[in-house]
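These notes are about the structure you will find just below.
Remember, it's a predicted structure, so these values are computed and weren't measured experimentally. We name chains A, B, ... by the order of the sequence lines, and we start the count at 1 in each one.
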Number of protein chains: 2
Amino acid sequence: MSRTTIHDIAKELNTTAATVSRALNDHPSISSATKESVRRAAQKLNYQQNRAASSLRSGKTFVIGVIIPSAEISFFGSVIHGIEKVAKSRGYNVLLFQTNESYEDEAQGIRTLLQSNVDGIIASISKETTRYDHFLEVKKRKIPLILFDRAIDELDVPAVVIDDYKGAYLATEHLIQQGFQRIAHISGPQHIQIFHERLRGYVDALKAHHHKVDGDLIMYGKVSIDSGRICTEQLLNLPQRPDAIFAVEDFTALGALQAIKETPWNKPGQIGLVGFANEAFSAYITPGLTTVDQQTALMGQEAANIFMSLRQEEENPPEFPQKIVLDPVLIVRQSSLRRKSQSNHGGK
Amino acid sequence: MSRTTIHDIAKELNTTAATVSRALNDHPSISSATKESVRRAAQKLNYQQNRAASSLRSGKTFVIGVIIPSAEISFFGSVIHGIEKVAKSRGYNVLLFQTNESYEDEAQGIRTLLQSNVDGIIASISKETTRYDHFLEVKKRKIPLILFDRAIDELDVPAVVIDDYKGAYLATEHLIQQGFQRIAHISGPQHIQIFHERLRGYVDALKAHHHKVDGDLIMYGKVSIDSGRICTEQLLNLPQRPDAIFAVEDFTALGALQAIKETPWNKPGQIGLVGFANEAFSAYITPGLTTVDQQTALMGQEAANIFMSLRQEEENPPEFPQKIVLDPVLIVRQSSLRRKSQSNHGGK
DNA sequence: CTGAAAGCGCTTACAG
DNA sequence: CTGAAAGCGCTTACAG
């Protein structure tokens, strides 16, 4: 009792496999009567196409390979969601590979995806990766490669990123508009581009609103809860202490919040706080954390959309790789509202 | 400049494709000298196996299909992580399909995976699904099917679940041991098995410790933040109000926490609280939420392990499907510690 | 509108 | 230990 093939259907209908294949693929030169009877027979015999055979012959697999550091990180889970959603709607499937931030695993992943003849690869580069030979191999084989979030300009491939500069600008401007006067920033390592961009956005927003940029108010942390706490303690001990803090991302902001809460002279709402990333916890801590949303699911969708458009233009690919820069979205919650009580009363 | 095939390697070495294939697959009857030279030539020519061709001929794809409601839910992201990790270590890849809790999408997913000739399917059933014909089709084709978390006994297939009864028992016992006297439970809809099991665990723990089971202290909520808040307000207005609450899951617990904080007469630490699921936010709210961890990544790993063992025993499959019940892990944080100050001072 | 035939790149039973 | 040959299930250029 082996699987039904197009030959079984052909036999059933006294026709040939070629006709059956064409009918099932809705080939224009097949009469609609034939198509109808083939479809009926296929249904009756419970036929399922063998994709391996189809792709071996046609060269198309309708599979998109996705390479991410870890599906356990909610950011990537969300991006995968967006990618798979678009892929499915266009008849594509997603083959998933995790790198655990390792270069070796990433190179292995690329090899596997090439062996699987994926029609394209969407990837976010591992932290550890500094050589790009595996990605160059993908380019050499003319397989569409799209990067997201952690993009590498040097590779000269399409990418979807978020506008970190603008997100930081919006966050800082919001604090200014709330009336805060001395706004500090806890940044991260400057060799990582996104952190540097956020610092630039902070500085430019201050300048645009004629606020002084004070080097004492800029800390370089290690991007963690502990680091956020430590930097904040130092900031609050300054002779001229800040009245608001923009943290480079939400975990840093969380540490900052803990330090703020422990400060004896602090009253709720006295020190403004904004984070970045809109992590899962940000809405649920007290006070709710104002932050910058990165539109993660949209990022995945746009990456998949670029892939789809590359498929269309296969014969004459665009001269310059497309780069999509997503707009960050400021999410205002209680942590940045000035001198208001933090009671949740009546909140929902 | 098309891709290198085994014929190219054979030509290079004046041998045949058969020998090259055997050498690359480490076939025992090939001399090690031949294997070595084939491998070298393969490397030199940058050969990558064509998996479509291989699996068309051999019938094995080394692909595991995974069906989940959504990768955006951190629980599933974490399970995928576990599955992919084990799969990769054994040379398998993961083909991902999301159902968005829809029966139609789920059936479509199964169809796609069957067409892709996956070697096995690991799935968590959509909330909407009440017919199982698509899963029966998988069984009929003798393709290993493993369910996790949302398992269906009726299908009679292997499954990995968590022991909800035990998790609830541990949570309740912990509150008893902290010295709380009147412990309430906010449950969920009883037609969903996991919620019913948690209620049973709560009741049995009370009984085992000679606590009275008071129907007034058992609420049936809708499993959401709002519902947790509403149920808690009602509980705290009882003439004989509870001094601790075990919530059916962390979002309900979060709502409960909000209600507790707003209660005027409440002092920190006076009302004990435990949740269930160890959601991403649970560690970061104030006070930190004591909860029950579901070992999500382990759940994925175990599901993948079952698949691997089924592969081994392909010829004589086990008579009864294997069921793995994972041990829940109680994570104690501040929300359940009795009459202690909630200061974070010195915490890390 | 349909058929006959070749071939995608592998694997593997059979023969030596 | 290696080779010749068949075949997995499709698709598609060519012919009619």
Nearest heavy-atom contact between I83(A) and G300(A) is CG1-O, 3.4 Å
Using atom CG of N25(A) as one end and atom P of dC10(D) as the other, report the distance to the nearest whole Å.
10 Å
In whole angstrom, what separates R51(A)'s CZ from dC10(D)'s P?
12 Å
Does T19(B) or Q48(A) map to a spot on DNA chain D nearer the 5' end, using the closest nucleotide for each?
T19(B)
Note: for R22(A) and N50(B) on DNA chain C, the residue whose nearest nucleotide lies more 5' is R22(A)
Taking the C1' atom in each of dG16(D) and dT12(D), what is the distance between them to the nearest angstrom?
16 Å
Assign each of R57(B) and T34(B) to its nearest nucleotide of DNA chain D by heavy atoms, then name whichever residue's nucleotide is nearer the 5' end.
T34(B)
Look at T5(A) and dG9(D) and indicate whether a side-chain polar atom (N or O) is within less than 4.0 Å of OP1 or OP2.
no
Heavy atoms only, 4.0 Å cut-off, all strands: where does S54(B) land among base, sugar-phosphate and nothing?
sugar-phosphate
Positive for side chain to side chain contact (heavy atoms under 4.5 Å, CB included) with F135(A), one of L155(A), I152(A), I67(A):
L155(A)
Check K140(A) with D133(A), please: is the shortest side-chain N to carboxylate O separation under 4.0 Å?
no
Atom-to-atom span, CG of N117(B) to P of dC10(C) - whole angstrom:
18 Å
Spacing of I6(A) atom CD1 relative to dT12(D) atom P, expressed in whole Å
11 Å
NA contact type, S29(A), heavy-atom cut-off 4.0 Å: base, sugar-phosphate, or nothing?
base
Under 4.0 Å between a side-chain nitrogen and a carboxylate oxygen: does that hold for D119(B) and K60(B)?
no
Intra- and interstrand pairs of DNA chain D - dot-bracket, Watson-Crick/G-U under 3.5 Å, | marks other strand:
|||.||||||||.|||
Any idea how F75(B) and F148(B) line up, ring-wise: parallel (<30°), tilted (30 to 60°), or perpendicular (>60°)?
tilted
Per side-chain hydrogen bond (donor to acceptor under 3.5 Å, both in side chains), Q48(A) is matched among E137(B), Q115(B), R141(B) by Q115(B)
Interatomic distance, H27(A) NE2 vs dC10(D) P [rounded to whole Å]:
17 Å
Would you kindly give the NZ-to-P distance between K60(B) and dG9(C), to the nearest whole Å?
24 Å
Rounded distance in Å - CG (D26(A)) to P (dT12(D))
14 Å
Answer yes when E101(B) and R150(B) have at least one side-chain N-carboxylate O distance shorter than 4.0 Å, and no when they do not.
yes
For L326(B) and I162(B), the nearest pair of non-hydrogen atoms, with its separation, is O-CG1, 3.5 Å
Assign S31(A) to base, sugar-phosphate, or nothing according to its heavy-atom contacts below 4.0 angstrom with the strands shown.
sugar-phosphate
Write down the distance between CD (Q115(B)) and C1' (dC10(D)), rounded to a whole number of angstrom.
13 Å
Can you tell me if the side-chain N/O atoms of S21(A) get under 4.0 Å from OP1 or OP2 in dT11(D)?
yes
Looking across every strand, which nucleic acid part, if any, lies under 4.0 Å from T15(B) by heavy atom: base, sugar-phosphate, or nothing?
sugar-phosphate
